[in-house]
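As structure tokens, the structure follows; a few thoughts come after it.
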Protein chains: 2
Amino acid sequence: MDEVFKALADASRRSLLDGLHARNGQTLSELCEGLAMTRQAVTKHLVILEEANLVTTVRHGREKLHYLNPVPIHQIGERWIKKFERGKLAALGELKRQLEKRDE
Amino acid sequence: MDEVFKALADASRRSLLDGLHARNGQTLSELCEGLAMTRQAVTKHLVILEEANLVTTVRHGREKLHYLNPVPIHQIGERWIKKFERGKLAALGELKRQLEKRDE
DNA sequence: ATAATAGGCAACCAAATAGTTGCATGTCAA
DNA sequence: TTGACATGCAACTATTTGGTTGCCTATTAT
């Protein structure tokens, strides 16, 4: 879980995921196109995404195809974000109450 | 948005949010209790959480009360995670297909 | 009034991060 | 078979990060 959060913390990595979301199964070179970064930098980001299990790769000859794995993202939604949704209104109410108490 | 992802990337900060989720409105000293970290380290984490708008504070005499703001977390769920939920099954299907193609 | 309590500020440090460059290897096409 | 293409590996660098220590200020309780 920590690896996933860390992987998602970087904007470049999130836009790589966006790229795969737009078109799945891209090669490294394809993912590099239009980015202001060397290929090696992109490789490092992809390794981090792979280690977080957000991306799976398939070697195909001299090419490496990258596939998005949406499961960890879904799990963060389920296991983490939903926890804070429950009681969200309560928290906001309490917050508002305290902020208004400033002038007492 | 980037600030929120960055803020959530650290396990200590996530557990501070957990702490506030368990009991909202805690003081700095209360949030420090039981943590293997100095007060100043906790302060720094809380500043980052405040800058990401995940925590709001109210000064009350010499105490500083910390309140969880669940809105940015909710927004990540809405604006980011949901994007990857749509087409999730399609992505998984494509992934499976490609993985099975290995032996061709 | 004064001691204890709650918090703030600044300098410093080690490790992690995001990026680079240079070179090597494997695969495909002419 | 040889050149071009796709990727991999390693060393190096600058910046950011997570943490520390030491000291200062403001508020409360005795």
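Everything quoted here is computed from the prediction, not taken from an experiment.
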Testing A/N69, A/L49, A/V55 for side-chain contact (heavy atoms from CB on, under 4.5 Å) with A/L20, which one passes?
A/V55

Where the side chain of [X] is defined as all heavy atoms beyond and including C-beta, which of [options] is the nearest nucleotide?
X: A/M37; options: C/dG7, D/dG8, C/dG19; answer: C/dG19
X: B/I48; options: D/dG18, C/dG19, C/dA18; answer: D/dG18
X: A/S29; options: C/dG19, D/dT7, D/dT17; answer: D/dT7

Could you give the [atom1]-to-[atom2] distance, from [X] to [N], as a whole number of Å?
X: A/H66; N: D/dA6; atom1: NE2; atom2: P; answer: 14 Å
X: B/D10; N: D/dG19; atom1: CG; atom2: C1'; answer: 11 Å
X: A/L46; N: C/dT17; atom1: CG; atom2: C1'; answer: 16 Å
X: B/E3; N: D/dT16; atom1: CD; atom2: P; answer: 14 Å
X: B/D2; N: C/dA18; atom1: CG; atom2: C1'; answer: 14 Å
X: A/F5; N: C/dA16; atom1: CZ; atom2: P; answer: 21 Å
X: B/E30; N: C/dA6; atom1: CD; atom2: C1'; answer: 11 Å
X: A/L35; N: C/dA18; atom1: CG; atom2: C1'; answer: 14 Å

Restricting to non-hydrogen atoms, name the atom on B/R39 and the atom on B/C32 that form the minimum distance, rounded to 0.1 Å.
CA-SG, 3.7 Å

Between [X] and [N], is there a side-chain N or O to OP1/OP2 distance below 4.0 Å?
X: A/R59; N: C/dT27; value: no
X: B/H45; N: D/dT17; value: no
X: A/K6; N: C/dA16; value: no
X: B/T38; N: D/dT20; value: yes
X: A/K64; N: D/dG8; value: yes

Per the atom types in the model, does the base of [N] pair as donor or acceptor with the side chain of [X] at under 3.5 Å?
X: A/R39; N: D/dG8; value: yes
X: B/Q40; N: D/dG22; value: yes
X: B/R62; N: C/dT5; value: yes

Hey, would you say the A/F84 and B/H21 ring centroids sit under 6.0 Å apart?
yes

Do A/I48 and A/K6 pass the side chain to side chain contact (heavy atoms under 4.5 Å, CB included) test, and can you show the C-alpha distance, the side-chain angles, and the key distance before you say yes or no?
CA-CA 9 Å; A/I48 290 170; A/K6 285 231 156 64; over 6 Å; no

Whether B/K64 and B/E50 form a salt bridge (side-chain N of Lys/Arg under 4.0 Å from carboxylate O of Asp/Glu) is what I want to check.
yes

